[in-house]
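What follows is a single structure, written as structure tokens, with notes after it.
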2 protein chains.
Amino acid sequence: MRLRIDAASTVPLYQQIHDQIILGLAAGELRPDETLPAVRQLADELNVNMLTVAKGYNLLKTEGYLISDRRQGTRVAADFQADKLFMQSLQEQLHLLTAAAKIRGLSVAELQQIITTQYQGFEQGE
Amino acid sequence: MRLRIDAASTVPLYQQIHDQIILGLAAGELRPDETLPAVRQLADELNVNMLTVAKGYNLLKTEGYLISDRRQGTRVAADFQADKLFMQSLQEQLHLLTAAAKIRGLSVAELQQIITTQYQGFEQGE
DNA sequence: ATAGTTGTATTATATCATATATAACAAACA
DNA sequence: TGTTTGTTATATATGATATAATACAACTAT
């Protein structure tokens, strides 16, 4: 899987790495138990510091997406759950997005359409 | 409208102010042409600096939600549009959320259900 | 055993975002 | 003439972000 980093973005580099891997997981480009590049290797490819990659990996680990072993490196977890913490975070973020969309005149149907299209877009790669 | 600020949150104070006002607009607690508290007054109420409130207001102005006059203070704009910039930002943010939800096993229907419930929650206050 | 790789930890440094404090300004109003 | 409005300016402090350079323990391959 290939990561694209925008150094000019206001989004922190470690956050971009985090987000891209989430997208890769959803698209099926990364599969359970698959091994990820070593922090030094990915740092070289992206021209960022080793610790920046490690920070992105660590964030994904605290969220349960990745597992680290000192022997085997970092790999994708076997399965993920929609735990309470995730559901609460999802609700909060959707709350703000739904509010902004409603203010600007988008209907529920239009919002649902966007989500459906994006969701199906992920299923294409499986 | 009453704003609630969490000084211990990792979300910047000006961002919290911004977000709460968006939610207030969606819930009908703030209406078009309505005047908002002066930056100094709101800063006093929230125990934050005047410039922090101004930063939140300015962000909302660049997004088209508010209008500032040196005579009349800051008020809600007359109407909002779903312009290209907003739609693009909405798509990007929903993209990541949809990806995370899919990974964790949520179906399209479950996502749509959350949005519908939240959307209707805003309509209650109108 | 030796060398290399893994994630991790440490220390130091630089830069930017965030937030505050204080003051001043132009424009409008009572 | 004061007062209020948003705005601008300067200075300061703190935390997040990012880099650099080392070092370490644990494991793998030769």
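Please read all numbers here as calculations on a predicted model, not as lab measurements. Just so we're on the same page: letters track the sequence lines, and every chain starts at 1.
Per the geometry, CG belonging to A:Asp44 stands 11 Å off P belonging to D:dA20, to the nearest Å. B:Met50 places its CE atom 18 Å from the P atom of C:dT18, with the value rounded to the nearest Å. B:Asn49 has its CG atom 16 Å from the P atom of D:dT8, to the nearest Å. One interatomic measurement links the two molecules: CG of A:Leu46 to C1' of D:dT17, which rounds to 16 Å at whole-angstrom precision. The separation between B:Asn47 atom CG and C:dA21 atom C1' is 15 Å, rounded to whole Å.
For B:Leu51, the listed nucleotide lying nearest its side chain is D:dA9; candidates were D:dA18, D:dA9, C:dG7.
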Do nucleotides 25-30 of chain C as a string where each nucleotide becomes B, S or -: B if the base has a protein heavy atom under 4.0 Å, S if just the sugar-phosphate does, - if no protein is that close. -BSS--
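The side chain of B:Thr52 places no N or O atom within less than 4.0 Å of a non-bridging phosphate oxygen (OP1 or OP2) of C:dT18. Checking the phosphate oxygens (OP1, OP2) of D:dT7, a side-chain nitrogen or oxygen of B:Lys61 falls inside 4.0 Å. An OP1 or OP2 oxygen of C:dT18 is reached within less than 4.0 angstrom by a side-chain nitrogen or oxygen of B:Lys55. Under 4.0 angstrom from either OP1 or OP2 of C:dT8 there lies at least one side-chain N or O belonging to A:Asn58.
B:Leu13 comes within 4.0 angstrom of sugar-phosphate atoms only, judged by non-hydrogen atoms across all strands, and of no base. Residue B:Tyr14 is classed as a sugar-phosphate contact, given heavy-atom separations below 4.0 Å to backbone atoms only. Counting non-hydrogen atoms under 4.0 angstrom, A:Thr10 reaches nothing in the nucleic acid.
For the side chain to side chain contact (heavy atoms under 4.5 Å, CB included) with A:Ile21, the qualifying choice from A:Leu59, A:Leu30, A:Val76 is A:Leu30, the only one to do so.
For the residue pair B:Asn58 and B:Lys61, a side-chain donor N or O sits within less than 3.5 Å of a side-chain acceptor on the partner. No side-chain donor from either of A:Thr116 and A:Gln120 sits under 3.5 Å from a side-chain acceptor of the other.
Cation-pi geometry between A:Arg104 and B:Phe86 is met: the NZ or CZ atom falls under 6.0 Å from the ring centre, inside 45° of the normal.
One N or O on the side chain of A:Gln118 and one on the backbone of B:Gln91 form a donor-acceptor pair closer than 3.5 Å.
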